[in-house]
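Report on the following structure.
Only heavy atoms go into these numbers, but all of them, side chains included; no hydrogens, no water, no symmetry mates. Predicted, not measured: the structure shown is a model, and the values here were computed from it.
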Amino acid sequence: MGRLRMAVVGSGQIAQVTHLPNYLGMEDVEVVGICDTNLEAARVVAEKFKIPACFGDHREMLETLKPDAVTICVPNQFHCAITLDALERGCHVLCEKPPAITADEAQKMQELAEKKGLLLSYGFHFRHSEHVAVLKQKIVKQELGTIYHTKVQWNRRRGIPGWGNFTNKAMQGGGPLIDIGAHMLDSALYLIGYPEISYVCASSSDRIGRRGGTGLMGSWEGNRFTVEDGLFGFISFQNGTSMEIETTFAVNQKERDIRGIRLYGEKCGANVFPLEIYGEADGQLINQEYPFLEMRDWHLDCTRNFVEACLGDSQLLVTAEQGSYVQKLIELLYQSAKMRCPVYIK
């Protein structure tokens, strides 16, 4: 294959700020078309980025252009249907995170990609960070020993997005867990190797969101806030490892934003974003920092990996199977919070 013929579905912020600039900067990618249900919005973006064709219907675009690959940048509710349409027409797919609304949808997407022999990946760009890569190698080499507990966190003080569909459950499937928390959850699960889940226990709150107000990311209306503003959970895995998760759009804390992953191992512990290792040597406690690690554009690394995989020059870092696992755990956390009791996996 020469240049990868890429089509983009969705002309919103993530397409304009991230995916289109990235693809247009790659010599081995040709952006052949863009689609949006708002055809005028698609026309504006096509003109801005000098994309030769625009459409108001993704199926028409797929049938007309027959691209090699498709990038999907639409609300979560539409991820599954558009991904399945693209796969049916022989296209590799990079879908923005999360994979879908439900675990069943993510599984259908995975199964069709496998059946068609096509690549399906998701925009979990934090996974592509050099910090995660270095720590993963240390884990593989057993430098941390057995990891017995993990803490996943992304909390904002008043970071409810005042635009888009982020507060609309029907469109997004949920709030911070399925949005920002999914990034930390994905990276943590990659680091610990996707162990079998034993049980999940979670609680959630919408007390701040339902009040409405103005925060660090604009204003929102309380009567239109239908997602959680925070979810707090505990996961037990069959191998004895456990995980805590805290993820909020709005919480009364001092800091504007707290994000990170902590791993507790028998030999060493670690924190990611930024990477630090905590342990002991020769009877002394040591803390090792990694200031020399680059802070690359992880979005660019994500799209670059997808393109190289489509061209046969690399392996996908984020696979469809891994996406299905993340979606399953998200669904279990929401289920436990809704039922207000643990969910056990048989």
_Stepwise side-chain hydrogen bond (donor to acceptor under 3.5 Å, both in side chains) check, N252 with R158_ = CA-CA 8 Å; N252 290 317; R158 279 292 192 282; 3.0 Å; yes
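For the residue pair H128 / N305, no side-chain donor-acceptor distance below 3.5 Å is found, with atom types taken as modelled. A donor-acceptor contact under 3.5 angstrom links the side chains of E228 and Y334, judged on distance only. Between the side chains of N239 and T241, a donor-acceptor pair is found at a separation under 3.5 Å. Neither side chain, Q110 nor E321, offers a donor N or O lying under 3.5 Å from an acceptor on the other.
A tilted orientation is assigned to the rings of Y199 and F234, their planes being inclined by 30° to 60°.
The cationic atom of R259 (NZ for Lys, CZ for Arg) does not lie both less than 6.0 Å from the six-membered ring centre of F273 and within 45° of the ring axis.
In summary, E40 and R43 engage in a salt bridge, as defined by a charged side-chain N under 4.0 Å from a carboxylate O. A salt bridge links E308 to R304: at least one charged side-chain nitrogen sits closer than 4.0 Å to a carboxylate oxygen. Contact check on E143 versus K267 returns no salt bridge, with no Lys/Arg side-chain nitrogen under 4.0 Å from an Asp/Glu carboxylate oxygen.
The number of heavy atoms from other shown groups lying within 6.0 Å of CZ (R224) does not exceed 12.
The main-chain N or O of D179 is found under 3.5 Å from a side-chain atom of K97 such that the two form a donor-acceptor pair. Panel note: side chain E331, backbone T102; no donor-acceptor pair is recorded below 3.5 Å.
Taking the ring centroids of W220 and F249, they lie at or beyond the 6.0 Å cut-off.
Screening T18, D28, T71, T303 against Y23 for a side chain to side chain donor-acceptor pair (under 3.5 Å) leaves a single residue, T71.
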